[in-house]
Amino acid sequence: TNLTFTKNMILGSLISAVDPVAVILVLKSLSVDEQLKVLLFGESVLNDAAAVVINRVFVEIDKGGKSTSEALAPAIPQIAGIALASMLIGTVLALLVAMVHKWSKMNIKKD
(Lines give C-alpha, C1' and ligand atoms only; values in the text may rest on other atoms or scores of the structure.)
Protein backbone atom coordinates (compact mmCIF):
# COMPACT_ATOMS: atom_id res chain seq x y z
CA THR A 1 0.00 0.00 0.00
CA ASN A 2 0.99 3.61 -0.48
CA LEU A 3 1.48 5.25 2.94
CA THR A 4 1.33 9.00 3.29
CA PHE A 5 4.01 11.01 5.08
CA THR A 6 1.86 11.39 8.19
CA LYS A 7 1.09 7.65 8.35
CA ASN A 8 4.82 6.91 8.04
CA MET A 9 5.55 9.34 10.89
CA ILE A 10 2.86 7.69 13.04
CA LEU A 11 4.35 4.26 12.39
CA GLY A 12 7.92 5.50 12.97
CA SER A 13 7.02 7.14 16.27
CA LEU A 14 5.36 3.94 17.45
CA ILE A 15 8.22 1.58 16.63
CA SER A 16 11.10 3.90 17.58
CA ALA A 17 10.32 4.11 21.30
CA VAL A 18 12.46 1.97 23.61
CA ASP A 19 10.78 0.30 26.58
CA PRO A 20 12.40 1.70 29.77
CA VAL A 21 11.67 -1.51 31.69
CA ALA A 22 13.45 -3.57 29.04
CA VAL A 23 16.46 -1.25 29.32
CA ILE A 24 16.62 -1.79 33.09
CA LEU A 25 16.32 -5.58 32.74
CA VAL A 26 19.11 -5.77 30.16
CA LEU A 27 21.39 -3.56 32.24
CA LYS A 28 20.62 -5.56 35.38
CA SER A 29 21.50 -8.81 33.64
CA LEU A 30 24.80 -7.26 32.53
CA SER A 31 25.61 -6.06 36.08
CA VAL A 32 26.17 -2.49 34.90
CA ASP A 33 27.07 0.35 37.30
CA GLU A 34 24.02 1.86 39.04
CA GLN A 35 24.74 5.40 37.81
CA LEU A 36 24.82 4.19 34.20
CA LYS A 37 21.49 2.42 34.75
CA VAL A 38 19.93 5.64 36.01
CA LEU A 39 21.27 7.67 33.08
CA LEU A 40 20.12 5.16 30.46
CA PHE A 41 16.73 4.73 32.12
CA GLY A 42 16.20 8.51 32.09
CA GLU A 43 17.21 8.69 28.45
CA SER A 44 14.82 5.89 27.46
CA VAL A 45 11.96 7.56 29.35
CA LEU A 46 12.72 10.80 27.49
CA ASN A 47 12.67 8.94 24.16
CA ASP A 48 9.29 7.45 25.04
CA ALA A 49 7.92 10.88 25.89
CA ALA A 50 9.18 12.31 22.60
CA ALA A 51 7.67 9.40 20.67
CA VAL A 52 4.28 9.96 22.34
CA VAL A 53 4.33 13.67 21.50
CA ILE A 54 5.34 13.08 17.89
CA ASN A 55 2.73 10.34 17.54
CA ARG A 56 -0.06 12.54 18.92
CA VAL A 57 0.87 15.44 16.66
CA PHE A 58 0.83 13.33 13.51
CA VAL A 59 -2.35 11.45 14.47
CA GLU A 60 -4.10 14.81 14.77
CA ILE A 61 -2.66 15.94 11.44
CA ASP A 62 -3.72 12.68 9.78
CA LYS A 63 -7.31 13.17 10.92
CA GLY A 64 -7.45 16.28 8.74
CA GLY A 65 -6.13 14.47 5.61
CA LYS A 66 -3.42 17.03 4.80
CA SER A 67 -0.54 16.78 2.32
CA THR A 68 3.10 16.46 3.43
CA SER A 69 3.86 20.19 3.27
CA GLU A 70 0.58 21.04 4.96
CA ALA A 71 1.37 18.45 7.65
CA LEU A 72 4.88 19.75 8.38
CA ALA A 73 3.90 23.40 8.73
CA PRO A 74 1.97 23.01 12.02
CA ALA A 75 3.93 19.95 13.25
CA ILE A 76 7.38 21.55 13.55
CA PRO A 77 6.30 24.51 15.74
CA GLN A 78 4.09 22.19 17.80
CA ILE A 79 6.92 19.76 18.50
CA ALA A 80 9.37 22.60 19.21
CA GLY A 81 6.86 24.27 21.55
CA ILE A 82 6.27 21.06 23.47
CA ALA A 83 10.03 20.48 23.75
CA LEU A 84 10.63 24.00 25.08
CA ALA A 85 7.71 23.79 27.51
CA SER A 86 8.99 20.42 28.76
CA MET A 87 12.46 21.85 29.37
CA LEU A 88 10.99 24.83 31.21
CA ILE A 89 8.81 22.61 33.40
CA GLY A 90 11.76 20.30 34.13
CA THR A 91 13.99 23.23 35.06
CA VAL A 92 11.40 24.80 37.36
CA LEU A 93 10.71 21.47 39.09
CA ALA A 94 14.45 20.78 39.50
CA LEU A 95 14.94 24.21 41.08
CA LEU A 96 12.00 23.65 43.43
CA VAL A 97 13.34 20.26 44.51
CA ALA A 98 16.81 21.77 45.03
CA MET A 99 15.35 24.54 47.21
CA VAL A 100 13.31 22.07 49.27
CA HIS A 101 16.41 19.93 49.72
CA LYS A 102 18.48 22.96 50.76
CA TRP A 103 15.89 24.19 53.26
CA SER A 104 15.23 20.77 54.75
CA LYS A 105 17.51 18.86 57.05
CA MET A 106 18.06 16.16 54.43
CA ASN A 107 21.55 17.35 53.55
CA ILE A 108 23.21 16.13 56.75
CA LYS A 109 26.98 16.08 56.33
CA LYS A 110 28.99 13.14 57.56
CA ASP A 111 32.23 13.97 59.33
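Positions are given from 1 along the sequence.
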Residue list, side-chain contact (heavy atoms from CB on, under 4.5 Å) with [X], at least two apart or on another chain:
X: Val97; result: none
X: Met87; result: Leu84
X: Leu14; result: Ile10, Asn55

Which distance, rounded to the nearest 0.5 Å, do you find between the [atom1] of [X] and the [atom2] of [Y]?
X: Phe58; Y: Thr4; atom1: CZ; atom2: OG1; value: 10.5 Å
X: Asn8; Y: Leu3; atom1: CG; atom2: CG; value: 5.0 Å
X: Lys7; Y: Asp62; atom1: NZ; atom2: CG; value: 3.5 Å

task = Looking only at non-hydrogen atoms, find the nearest pair between Ser13 and Ala51 and report the distance.
result = O-CB, 3.4 Å

key: Joint hydrophobic cluster, Ile89 plus Val52, side-chain heavy atoms closer than 4.5 Å   = no

message = Contact between Arg56 and Val59 at the side-chain level, heavy atoms closer than 4.5 Å - yes or no?
response = no

pair Ile82-Ser86: side-chain heavy atoms closer than 4.5 Å = yes

ask   = Residues two or more places apart in sequence or in another chain: which of them pass side chain to side chain donor-acceptor pair (under 3.5 Å) with Lys63?
value = Glu60

Show the atom names and distances, to 0.1 Å, of all donor-acceptor pairs under 3.5 Å that link a side chain in residues 30-38 to residues at least two apart or in another chain.
none

